[in-house]
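Note that ligands are numbered from 1 as they come in the structure, with each ligand's atoms numbered from 1 the same way. Please read these numbers as outputs of a predicted model, since none were measured by experiment.
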Amino acid sequence: MSESDNSIDVTEIGELTPPDRTLMGPGPSDVHSRVLRAMSTPLVGHLDPSFVEIMNEVQELLRYTFRTDNQWTLPVSGTGSAAMEAAIGNVVEPGDTMLVPTNGYFGGRMASMARRAGGEVAEVSAPWGEPLDPNDVADALAEHDPDVFGFVHAETSTGVLQPDVPELTAAAHDHDALVIADTVTSLGGVELRVDEWGIDVAYSGPQKCLSCPPGASPLTLSDTAMEKVLGREDEPRSWYLDLSLLEGYWGDERAYHHTAPVTNVYALREALRLVAEEGIEQRWERHERLAGALKAGVEGMGLEMNAPEEYWLPSLNAVRVPEDVDDGAVCAELLERYDLEVASGLGDLDGEIFRIGCMGYSARPQNVIYTVTALGDVLESMGADVDPGAGVTAARNTLE
Ligand SMILES: *Cc1c(COP(=O)(O)O)cnc(C)c1O
């Protein structure tokens, strides 16, 4: 080996200077400076008495945010998919049937995880861009008699909010199925009441409506769900996400299982403190108001929302791509010209929608006006039939 193979010119790599983006996509969202500051505070050990206190506080704040009294409420190490796999991989036992939705990208991920857990998958169908119909869910429950029913409360791939949640959970419980809710894009952004709505298990992610960097992801389980998990015959296939082992660390014992992502737990604590300071209901109201202004702005310039009002998802706005416009080019231009991140569509809605997030700290008047202004400008420059000025006026009027 020559000497040069083993050397590196660090001047070519340079200091880290990421661009200063405005994050209005499907996540991550903009992060409050208090959260960033919390992340630059000193590390303590994951069993340090001071950290044990921080863990208790995070759990208490998570219960507040989920609207639950569940003892089994914790941040899972990893992104939202880790909390998702902890939920599905522990609750679904080999041979169980899990009923999953087909109306978006994340129902498909639920199905993959259920199969890997050794489960059988049954589907309840709805088109991408529409919510599940409670009658279809009732029919599917009767036909497949599943052990577990999963649904996506806020489908980030389609901008659809699932209404009628208490009706869905009641139907599932009539068939003795446990309910797992994907609340990744709803927790801290749109109304979610885990206990009152009869949700057995809910998982989420920190980088959507909680405006926290990814790394420690909320999960909550009812006593009934945990009874099933602790009574399993076979161990879950993942050691890392085995909730019966994680209980040793996040339960009363506080014994080592794996090293907690200390800095991410700090960040989550501060992000959740911001939620509690604002008040959870006020926060839901703010998302609706700010996303309402965004919606008024895009409609005011002449664009259409993909979802009708009844299941519009404030935290993720699906906007129809106007005719003869290349959605990918628009997103690239917004990034290039405005340092603004929004996303294009996925799956069945590929090329048909823009996905504009309005989450957490990104749900602010200046972000909304900026996004409407930038989108109008870029679309107009690409020859779309839009009236950018009318859009900005409409957004501003809604905010007044
Ligand atoms: C983002 C997201 C996930 C996955 O979270 P990651 O943090 O990307 O792992 C799951 N479900 C929904 C609805 C999401 O929006």
Side-chain angles (χ1 to χ4, degrees), residues 23-31 62 66 75-89 91 98 100-114 116 126 128-132 150-163 165 179-192 194 199 201-220 238 240-241 261 264-265 267-268 271 287 291 307 311-318 341-349 353-360 362-363:
L23 299 175
M24 297 295 281
S29 54
D30 284 348
V31 176
L62 279 177
F66 270 126
V76 175
S77 303
T79 68
S81 303
M84 180 175 188
E85 196 141 33
I88 295 170
V91 173
M98 181 170 179
V100 302
T102 63
N103 61 336
Y105 181 84
F106 291 101
R109 187 173 293 185
M110 277 185 169
S112 302
M113 288 183 178
R116 282 168 190 244
W128 279 52
E130 287 180 30
L132 297 177
F151 76 93
V152 181
H153 184 217
E155 193 27 282
T156 325
S157 64
T158 62
V160 166
L161 179 70
Q162 178 65 50
V165 173
V179 177
I180 300 182
D182 180 319
T183 63
V184 176
T185 295
S186 58
L187 182 69
V190 299
E191 184 177 13
L192 168 67
V194 165
I199 295 168
V201 181
Y203 60 82
S204 192
Q207 76 276 20
K208 314 257 170 138
C209 300
L210 300 178
S211 275
C212 180
S217 296
L219 173 67
T220 187
S238 167
Y240 194 70
L241 298 173
N264 291 95
V265 175
L268 187 59
H287 278 79
Y311 43 87
W312 162 59
L313 174 60
S315 47
L316 197 287
N317 297 271
E341 179 171 287
V342 306
S344 48
L346 292 174
D348 290 2
L349 292 172
I353 57 170
F354 295 114
R355 294 183 300 140
I356 309 179
C358 191
M359 304 180 185
S362 289

What distance do L313 atom CG and H153 atom NE2 have between them, rounded to the nearest 0.5 Å? 8.5 Å
Quick test: of every protein heavy atom, which one is nearest to atom 11 (N) of ligand 1, and how far off is it to 0.1 Å? D182 OD2, 2.7 Å
For ligand 1, is there an N or O atom under 3.5 Å from any N or O atom of G80? yes
Quick one: pull up OG in S217 and CD in E85 and give me the separation to the nearest 0.5 Å. 12.5 Å
Under 4.0 Å, counting heavy atoms only: does A154 come that close to any atom of ligand 1? yes
S157: which residues meet the side-chain contact (heavy atoms from CB on, under 4.5 Å) condition with it, sequence neighbours left out? Y105, W128, E155, L346
Among residues at least two apart in sequence or on other chains, which ones pass ring-ring contact (aromatic ring centres under 6.0 Å, His included) with H287? none
If you count the atoms of ligand 1 from 1 in the order shown, which ones are under 4.0 Å from a heavy atom of T185? 15 (O)
Between CD on residue E341 and CD1 on residue I356, distance to nearest 0.5 Å: 12.0 Å
Would you mind checking which non-hydrogen protein atom is closest to atom 15 (O) of ligand 1, with the distance to 0.1 Å? T156 OG1, 2.3 Å
Among all protein heavy atoms in this structure, tell me which lies nearest to atom 3 (C) of ligand 1, with the distance rounded to 0.1 Å. F106 CE2, 3.4 Å
May I ask you to identify the nearest protein heavy atom to atom 7 (O) of ligand 1, giving residue, atom name and distance to one decimal place in Å? Q207 NE2, 2.7 Å
Can you tell me how far the CZ atom of R355 sits from the OG1 atom of T185, to the nearest 0.5 Å? 9.5 Å
protein heavy-atom neighbour closest to atom 4 (C) of ligand 1 works out as S81 OG, 3.5 Å
Can you tell me how far apart CG (N317) and CE (M359) are? Round to the nearest 0.5 Å. 9.0 Å
Derivation of the side-chain contact (heavy atoms from CB on, under 4.5 Å) call for I199 and L192: CA-CA 10 Å; I199 295 168; L192 168 67; 4.0 Å; yes
Part of P26 with heavy atoms under 4.0 Å of ligand 1, whether side chain, backbone, both or neither: neither
When you measure from atom 2 (C) of ligand 1 to each heavy atom in K208, R109, M359, which option holds the nearest one? K208
Ligand 1 and E155, any nitrogen or oxygen pair closer than 3.5 angstrom? no
